[in-house]
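Here is the naming used below: chain letters follow the sequence lines, and residue numbers restart at 1 for every chain. Just so you know, these numbers come straight off a predicted model, no measurement behind them.
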2 protein chains.
Amino acid sequence: MAIQLASVSPSEIDPLPVSLPQRSMPQRTDAEAGCALYGSLGLEDRRRLQSHSAPVERRAGTLVFEEGDDAAHIYIVAAGVVQEYKMMPDGRRIITAFHYPGELVGLTFGARHSCSAEAATHAVLRRFSRQTLSDFNDRLPGFGQGLLSHLSDELSAVQGRQLLLGRKTAVERVASFLLELAERAARNGDSTTYLWLPMRREAIADHLGLTLETVSRVFSRLRREHLISTERNGWIELLDPEALSEIAEGD
Amino acid sequence: MAIQLASVSPSEIDPLPVSLPQRSMPQRTDAEAGCALYGSLGLEDRRRLQSHSAPVERRAGTLVFEEGDDAAHIYIVAAGVVQEYKMMPDGRRIITAFHYPGELVGLTFGARHSCSAEAATHAVLRRFSRQTLSDFNDRLPGFGQGLLSHLSDELSAVQGRQLLLGRKTAVERVASFLLELAERAARNGDSTTYLWLPMRREAIADHLGLTLETVSRVFSRLRREHLISTERNGWIELLDPEALSEIAEGD
DNA sequence: CGTGTCTTTGAGTATCTTCAAAATTAGTGG
DNA sequence: CCACTAATTTTGAAGATACTCAAAGACACG
């Protein structure tokens, strides 16, 4: 769960020749969407942070940073979806998080990134130096507290993921995943029943510790049982969140 | 991975009538054991923190705090092992961490605990109020930074656990677990080949997302292949850390 | 409209789990 | 200190869930 940030409007990030499919790729344009850290900053501070950032564009599947890289920068997703992952020598991997527009990527206080990050779809990010973050931390009262509670929230979210990966069945994992996305959408003021899932089945599988075939089978089953319905462009509708919730908790 | 703290000596915590089996239960007595947060505090500050703490004793299997409890206190393990866990309604659970003497338990900046914690063995802890932590945070320069990098380290450790729970086989999980304990022992200046594993097979299983039978079978296999040898009181010897490491990484 | 990519579905298999019993260990009282 | 009981660990056999391999179907793009 990343910090929700008031997001840059598309006009502010298009010095790059970006041509993103607009209908299928929502961008954060609402100024104050439920924003734990950034929200405590004034408009002025935000402008300044904005001015300290550089836009970065990535095609689907290309790296933003790699595990072990010097953690000199952190990023905010402006458009598209970015995934952070860890990989084993033989190629097995786990996607530790999907980051939607407005969310932070690569926040760490260590010397090096502990995960790799790549674009799950064509994506645009904004890049800040760690120094900028430090400056804000030093100058703005409450900023450090915001960081602490953000990291604290992330830790508690990851504990839920441990339960998911270590103990839940395939259906339970998928149901939990859908509901988590719905909760995040709710915090952004987006629809909680129509979800945007632009990532491939393989990415979802790598996020849930399953294979893409199993994920596909579970989706089919949920469709058959009228709990969800899937549409073409990676959009999915939750037809019965109640039932999904019961499945997710294992009742 | 909890903060390593210069630990309280047994004499400082025995206002309670504690009778712990001394030989089988190591306690931290070295004053400065590789200590990320506490280490930056002077002896004086440490004394003060100490004086703000209350001793808490728990028999094996009893609660320290429960998920959802008001997070008014944090704890440091003085003796024994404490486990943090999350549970599903039907009893399935994952142990998110084992905490050895000198390590922090229950650190959060949210209002409520996101995990439960119980003694894995007979254990002694020291309890601090969140307020004390806040005071230190406000007054001691560098303390907040220490907290940030501690949480950051924990997050990166948990990412490794996601890979373990989501993608590793049973042997790989057990080998990874043993090596992680060895690393932690190294940071404490303890032996990296003789490890103290006082928790039950069931607890290890709940930590690794396996069943106790599978854990037992893997131990038997590692014993048969002369990679480890187990002794009576929960002590285990790593006979071939190299080989274990290769298994853990999946080569 | 065709080609390449991604998703879905099927059949067989493997790893881990479940159920069950034996063996070992730990704890208790005589 | 030893014997007895309870608890834990080990081992075995059968079974289930998810995986692997494979092919067909759907979708996106030029």
Nucleotide N/O to protein N/O under 3.5 Å, stretch nucleotides 5-10 of chain D:
from	atom 1	to	atom 2	distance (Å)
D/dT8	OP1	B/Arg200	NE	3.2
D/dT9	OP1	B/Arg201	N	3.2
D/dT9	OP2	B/Arg201	N	3.3
D/dT10	OP1	B/Arg201	NH2	3.4
D/dT10	OP1	B/Arg223	NH2	2.8
D/dT10	OP2	B/Arg201	NE	2.7
D/dT10	OP2	B/Ser216	OG	2.8
D/dT10	O5'	B/Ser216	OG	3.1

Protein and nucleotides 24-30 of chain D: nitrogen or oxygen contacts under 3.5 angstrom:
from	atom 1	to	atom 2	distance (Å)
D/dA28	OP1	A/Asn233	OD1	3.4

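Judged purely by distance below 3.5 Å, without hydrogens or angles, the side chains of B/Glu84 and B/His113 never pair a donor atom with an acceptor atom.
Helix bend of the helix from C/dC1-D/dG30 to C/dG30-D/dC1: the angle between its two end axes, each built from five pairs, comes to 50° after rounding to 10°.
For A/Tyr85, there are no ring-ring contact (aromatic ring centres under 6.0 Å, His included) partners at least two apart in sequence or on another chain. In this structure A/Glu237 satisfies the salt bridge (Lys or Arg N to Asp or Glu O under 4.0 Å) test with no other residue, sequence neighbours excluded. In this structure B/Asp251 satisfies the salt bridge (Lys or Arg N to Asp or Glu O under 4.0 Å) test with no other residue, sequence neighbours excluded. By the side chain to side chain donor-acceptor pair (under 3.5 Å) test, A/His207 is found to be paired with A/Arg161, residues two or more places apart in sequence or in another chain being considered. With sequence neighbours left out, the side chain to side chain contact (heavy atoms under 4.5 Å, CB included) criterion links A/Arg224 to A/Ser220, A/Arg221.
Ionic pairing of A/Arg59 and A/Glu118 is not present here: no N-O contact between side-chain nitrogen and carboxylate oxygen is shorter than 4.0 angstrom. Using a 4.0 Å cut-off between a side-chain N of Lys or Arg and a carboxylate O of Asp or Glu, A/Glu103 and A/Arg184 qualify as a salt bridge. Salt bridge present: B/Lys86 and B/Glu67 bring a charged side-chain N and a carboxylate O closer than 4.0 Å. One finds no salt bridge joining B/Arg187 and B/Glu180 here, because no Lys/Arg side-chain nitrogen approaches an Asp/Glu carboxylate oxygen to under 4.0 Å.
The line from OG1 of B/Thr230 to CG of B/Asn233 is 11.5 Å long, rounded to the nearest 0.5 Å.
Map A/Arg167 and A/Thr214 each onto its nearest nucleotide of DNA chain C; the residue landing nearer the 5' end is A/Thr214.
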Give every donor-acceptor pair under 3.5 Å between a side-chain atom in residues 210-218 of chain A and any protein atom, sequence neighbours left out.
from	atom 1	to	atom 2	distance (Å)
A/Thr211	OG1	A/Thr214	N	3.3
A/Thr211	OG1	A/Thr214	OG1	3.0

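Put simply, chain B comes within 4.0 Å of DNA chain C, heavy atom to any atom, from C/dC16 to C/dA26, going 5' to 3'.
The stretch residues 196-205 of chain A participates, sequence neighbours left out, in no salt bridge (Lys or Arg N to Asp or Glu O under 4.0 Å) pair at all.
Sorted by residue number, the list of members of residues 83-92 of chain A with any non-hydrogen atom under 4.0 Å from DNA chain D is empty.
Under the side chain to side chain contact (heavy atoms under 4.5 Å, CB included) test applied with A/Ile236, the options A/Leu222, A/Leu195, A/Leu181 reduce to a single match, A/Leu195.
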Under the criterion side chain to side chain contact (heavy atoms under 4.5 Å, CB included), I'd like the reasoning laid out for A/Thr121 against A/Met199: C-alpha separation, chi angles, the key distance, then a yes or no. CA-CA 7 Å; A/Thr121 67; A/Met199 61 292 276; 5.7 Å; no

